[in-house]
Amino acid sequence: MKTRIVKLIYQYEPNKNLIKVSISKIPISKACFTIYGAVDFFLRNIFLKSKFKTSFKPVTNKILLGDIINLHNDTGVKDISKINSMTNQIISGKDVYNTNGLPNIRLVKTKDSHWVLFDGHHTMLAYMFAGRKYLHETPHLIVEGGITEYASDKEINIFFGEHKSKLKNDDWRKYVINWQAQKEKQLCNRIQKNMKELFESLSKKFLSLN
């Protein structure tokens, strides 16, 4: 049976560069064919039922948050006040999670070994504003293929919702999505190419709240 892999990663003992990791196999079926479906299956059948184990591992690959590929331009990040609130929470020593307990930050790796943030832009920006530099310094979730670690371009296209049919091959790299815009304007040309550029673009708006 074909499977996907869902990894949960939490920072543990920062001074020792240790992380806490959970690795779960997700059977690929009609119900969880997409990456979103795999996350939902993991949540309902594994995470909420506490059917996963964690282990401690050293950080072997430090991934800069700024290098991660975003799927929204600055105009698609709607709630600066929410980022401000989460930033204050992080600075106070409390990590940010979804109400169901899963990390908001969710990623896949491309076939050319780049990381794509498909959920959690507000949360990742909050960690960046709180001074975090690396992915392992945030709680996050990664979805991998069962045989290869990466997601195909076709799988990444699903993150663009009903607009995925307008994308061909690796076209998604040229575009972002803005769910706040009118339907015909939701698919936008990419302006900020990574989280570093998105963070820098939003910094002035963020600083005006403080």
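Model, not experiment: these values are computed from the prediction. FYI, side chains are in, hydrogens and waters are out, and symmetry mates aren't considered; it's all heavy atoms of this structure. Counting from 1, the numbers follow the sequence of the chain as shown.
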Which residues share a salt bridge (charged side-chain N to carboxylate O under 4.0 Å, His left out) with Asp171, sequence neighbours left out: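 For Asp171 the salt bridge (charged side-chain N to carboxylate O under 4.0 Å, His left out) partners, ignoring immediate neighbours, are Lys174.
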Can you see which heavy atom on [X] is nearest to which on [Y], and at what distance?
X      : Y      : answer
Ala126 : Met86  : CB-CB, 3.7 Å
Gln192 : Arg190 : O-NH1, 3.1 Å
Ala181 : Lys185 : CB-O, 3.9 Å
Met128 : Met195 : CE-O, 3.8 Å
Phe52  : Ser22  : CD1-OG, 3.4 Å
Lys57  : Val21  : CD-CG2, 4.3 Å

Expected output: side-chain [X] to main-chain [Y] donor-acceptor under 3.5 Å:
X      : Y      : answer
Asp40  : Tyr36  : no
Ser85  : Ser81  : no
Ser92  : Gln89  : yes
His121 : Leu71  : yes
Glu155 : Ser152 : yes
Asn194 : Glu197 : yes
His140 : Leu107 : no

Student check: side-chain heavy atoms of [X] and [Y] closer than 4.5 Å:
X      : Y      : answer
Met124 : Leu65  : yes
Thr110 : Arg173 : yes
Leu187 : Lys166 : yes
Ile26  : Ile46  : yes
His72  : Asn178 : no
Leu43  : Leu48  : yes
Ile5   : Val143 : no
Asp67  : Trp115 : no

Return the [atom1] to [atom2] distance between [X] and [Y], rounded to the nearest 0.5 Å.
X      : Y      : atom1 : atom2 : result
Lys164 : Ile158 : NZ    : CD1   : 4.5 Å
Leu198 : Ile68  : CG    : CD1   : 11.5 Å
Ile9   : Ile105 : CD1   : CD1   : 11.5 Å
Thr138 : Gln11  : OG1   : CD    : 8.5 Å

Test salt bridge (Lys or Arg N to Asp or Glu O under 4.0 Å) applied to Asp153 and Lys168, step by step: CA-CA 9 Å; Asp153 291 329; Lys168 297 180 180 179; over 6 Å; no
Pair Lys133 + Glu137, salt bridge at N-O below 4.0 Å: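 Between Glu137 and Lys133 there is no salt bridge, as every charged N stays at least 4.0 Å from the carboxylate O atoms.
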Ion pair check, Arg4 and Glu144, cut-off under 4.0 Å: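 Judged by the 4.0 Å cut-off on N to carboxylate O distance, Arg4 and Glu144 do not form a salt bridge.
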Joint hydrophobic cluster, Tyr97 plus Leu141, side-chain heavy atoms closer than 4.5 Å: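 Both belong to a single hydrophobic cluster.
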ILVMFWY cluster, Ile35 and Val176 together (side-chain gap under 4.5 Å):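 Shared cluster, no.
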Criterion side-chain contact (heavy atoms from CB on, under 4.5 Å) on Lys49 and Asn45, from CA distance to verdict: CA-CA 6 Å; Lys49 294 182 179 179; Asn45 297 283; 4.3 Å; yes
Tyr10 six-ring centre to Lys20 NZ/CZ under 6.0 Å and within 45° of normal: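 Output yes; distance and angle both within limits.
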side-chain contact (heavy atoms from CB on, under 4.5 Å) assessment of Val77 paired with Ile83: CA-CA 10 Å; Val77 178; Ile83 296 173; 3.8 Å; yes
Neighbour count >12 (heavy atoms, 6.0 Å) for atom NZ, Lys109: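 Enclosed.
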Crowding at OH, Tyr150 (>12 non-hydrogen neighbours, <6.0 Å):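 No - once you tally the heavy atoms of other residues, nucleotides and ligands closer than 6.0 Å, there are 12 at most.
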Identified side-chain hydrogen bond (donor to acceptor under 3.5 Å, both in side chains) counterpart of Tyr127 within the set Asp95, Asn104, Thr87: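 Exactly one option meets the side-chain hydrogen bond (donor to acceptor under 3.5 Å, both in side chains) with Tyr127, and it is Asp95.
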Sub-6.0 Å ring centroid separation between Phe160 and Tyr175: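 No, the ring centres sit 6.0 Å or more apart.
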Thr75 and Asn73 side chains, donor-acceptor separation under 3.5 Å: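 No pair is found: no donor N or O on one side chain lies under 3.5 Å from an acceptor on the other.
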Parallel, tilted or perpendicular: rings of Phe159 and Phe118 (30°, 60°):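 Answer is parallel, since the angle falls under 30°.
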Leu202/Leu125 under side-chain contact (heavy atoms from CB on, under 4.5 Å): CA gap, chis, key distance, verdict: CA-CA 9 Å; Leu202 290 168; Leu125 287 163; 3.6 Å; yes
Residue pair Ser24, Phe47: steps toward the side-chain contact (heavy atoms from CB on, under 4.5 Å) verdict: CA-CA 9 Å; Ser24 301; Phe47 183 78; over 6 Å; no
For His136, all residues meeting ring pair (Phe, Tyr, Trp, His ring centres under 6.0 Å), sequence neighbours excluded: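 Per chain and number, His136 pairs via ring pair (Phe, Tyr, Trp, His ring centres under 6.0 Å) with Tyr134.
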Shared-cluster residues of Phe56, by chain and number - hydrophobic side chains joined below 4.5 Å: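 Tyr12, Leu18, which link up through side-chain heavy atoms under 4.5 Å apart, make up the rest of the cluster.
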